[in-house]
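Worksheet for the structure shown next.
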Amino acid sequence: MGAGDLSTHPDRMRWNAKYEAAGEPRFAPHPLVDWALVADVPTGPVLDLACGPSGSALRLAAEGRAVTAIDVSEVALRLLQDEARRRGVDGLVTTVQADLSSWRPSPTEKYAIVLCTGFWYEQVFLRAIEAVRPSGLVLWEAFTAEARRRRPSLPAEWCLAEDEPAALLPDNFSVLLQQDLPDQGKRRFVARAE
Ligand SMILES: C[S@@+](CC[C@H](N)C(=O)[O-])C[C@H]1O[C@@H](n2cnc3c(N)ncnc32)[C@H](O)[C@@H]1O
């Protein structure tokens with residue numbers, strides 16, 4: 001598999017199969033989006049990483065935000081595009097098929113909101129925060145080490161350590177929310193760039 005060739009990428013194949021088997025998605029926005037909608041967020045576009053068939057992208061597009069939605073699964077991206085067209089927001093939703101482990105943010109394109117839910121790799125987080133514009137928000141939710149204690153098959157690199165993501169932030173970010181959801185083994189997190 002060469003760089004950029006996703007034909008045999010294991011994440012792509014696994015998630016395509018999941019989305020094909022799952023039937024019509026619910027397109028429910030993530031609760032962090034409600035949080036962002038009442039926060040003071042600058043104008044500007046949204047980046048939704050590991051978006052899936054993202055109700056969050058659709059909700060933010062309905063608010064008039066341009067959304068770039070990235071995922072390795074073209075099945076998820078097609079579901080999202082089709083629903084965006086049904087809702088009349090397809091002009092605001094751009095889908096990009098990419099493997100986030102080799103993704104790099106554009107040095108010039110900055111986002112008012114960078115959102116990622118249900119996915120964690122430290123390197124992806126570190127690159128994602130480079131894409132946040134001044135006063136913009138990074139919103140994240142991922143599994144914690146607690147989830148791994150319950151499901152030892154979860155790879156460690158998919159799980160937040162005790163002090164993450166806060167400990168990975170540079171000084172120009174302040175943490176607005178860090179909430180553990182012990183029953184789900186997840187942590188929600190919001191930070192603002194200076
Ligand atoms: C648990 S789902 C989360 C989807 C959505 N963000 C949500 O909260 O419902 C994880 C998503 O990550 C995507 N994904 C997995 N590995 C990936 C990779 N290496 N690069 C890009 N996306 C990936 C999957 O296709 C899937 O849509």
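Heavy atoms only: backbone and side chains are in, while hydrogens, waters and symmetry mates are out. Along the sequence shown, residues carry numbers from 1. None of these values were measured; they are calculated from a predicted model. As the structure lists them, so they are numbered: ligands from 1, and atoms in each ligand from 1.
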For this session: Indicate yes or no for a side-chain donor-acceptor contact from Arg59 to the backbone of His30 under 3.5 Å, with no hydrogens or angles considered.
Result: no
Exercise. Which atoms from ligand 1 have a heavy atom of Ser73 less than 4.0 Å away?
Worked result: 25 (O)
Exercise. So, does Cys51 sit close enough to ligand 1 that a heavy atom of it is under 4.0 Å from the ligand?
Worked result: yes
Exercise. What part of Ser54 sits under 4.0 Å from ligand 1 if we count only heavy atoms: the side chain, the backbone, both or neither?
Worked result: neither
For this session: Flag this pair as yes if the NZ/CZ of Arg151 is under 6.0 angstrom from the six-membered ring centre of Phe143 and inside a 45 degree cone about the axis; otherwise no.
Result: yes
For this session: Would you mind running through ligand 1 and noting each atom that sits below 4.0 Å from a heavy atom of Ala98?
Result: 20 (N), 21 (C)
Exercise. With a 4.0 Å heavy-atom cut-off (strictly under), which part of Tyr19 contacts ligand 1: side chain, backbone, both or neither?
Worked result: side chain
Exercise. Any salt bridge (Lys or Arg N to Asp or Glu O under 4.0 Å) pairs touching residues 36-58, not counting sequence neighbours?
Worked result: none
Seminar exercise, completed: Closest to atom 13 (C) of ligand 1 by heavy-atom distance, out of Asp71, Leu79, Leu32, Asn16, is Asp71
Exercise. Quick one: which of Val72, Val93, Asp71 gives a side chain to side chain contact (heavy atoms under 4.5 Å, CB included) with Leu77?
Worked result: Asp71
Seminar exercise, completed: Note: Pro53 and Phe27 closest approach over all heavy atoms is O-CD2, 3.5 Å
Problem set entry | Contact (N/O only, under 3.5 Å) between Thr117 and ligand 1 | yes
Seminar exercise, completed: CG of Asp5 to CG of Asp99, rounded to nearest 0.5 Å, is 11.0 Å
Exercise. In the protein, which heavy atom is nearest to atom 2 (S) of ligand 1, and how far is it?
Worked result: Trp15 CH2, 3.5 Å
Seminar exercise, completed: Per-atom filter on ligand 1: closer than 4.0 angstrom to a heavy atom of Asp99 are 18 (C), 19 (N), 20 (N)
Problem set entry | Close-contact set for ligand 1 against Gly52 heavy atoms, below 4.0 Å | 27 (O)
Problem set entry | Protein contact of atom 22 (N) of ligand 1 - nearest heavy atom, named by residue and atom, plus distance | Val72 N, 3.2 Å
Exercise. With backbone taken as N, CA, C and O and side chain as the heavy atoms from C-beta onward, which portion of Asp11 lies under 4.0 Å from ligand 1: side chain, backbone, both, or neither?
Worked result: side chain
For this session: State, with a plain yes or no, whether a side-chain heavy atom of Leu177 is found less than 4.5 Å away from one of Trp35.
Result: yes
For this session: Run the salt-bridge test on Arg86 and Glu83 with the 4.0 Å N-O cut-off and return the result as yes or no.
Result: yes
For this session: Have a look at ligand 1 and work out which part of Ser56, if any, has a heavy atom under 4.0 Å from it: side chain, backbone, both or neither.
Result: neither
Exercise. Can any side-chain N or O of Arg65 pair as donor or acceptor with the backbone N or O of Val46 at less than 3.5 Å?
Worked result: no
Exercise. Between Glu164 and Arg187, is there a side-chain N and carboxylate O pair less than 4.0 Å apart?
Worked result: no
For this session: Tell me which protein heavy atom sits closest to atom 20 (N) of ligand 1, plus the residue, atom name and distance to 0.1 Å.
Result: Leu100 N, 2.8 Å
Exercise. Can an N or O of Gly118 be found at a distance shorter than 3.5 Å from an N or O of ligand 1?
Worked result: no
Exercise. Which is it for Ala50 and ligand 1 at heavy atoms under 4.0 Å: side chain, backbone, both or neither?
Worked result: both
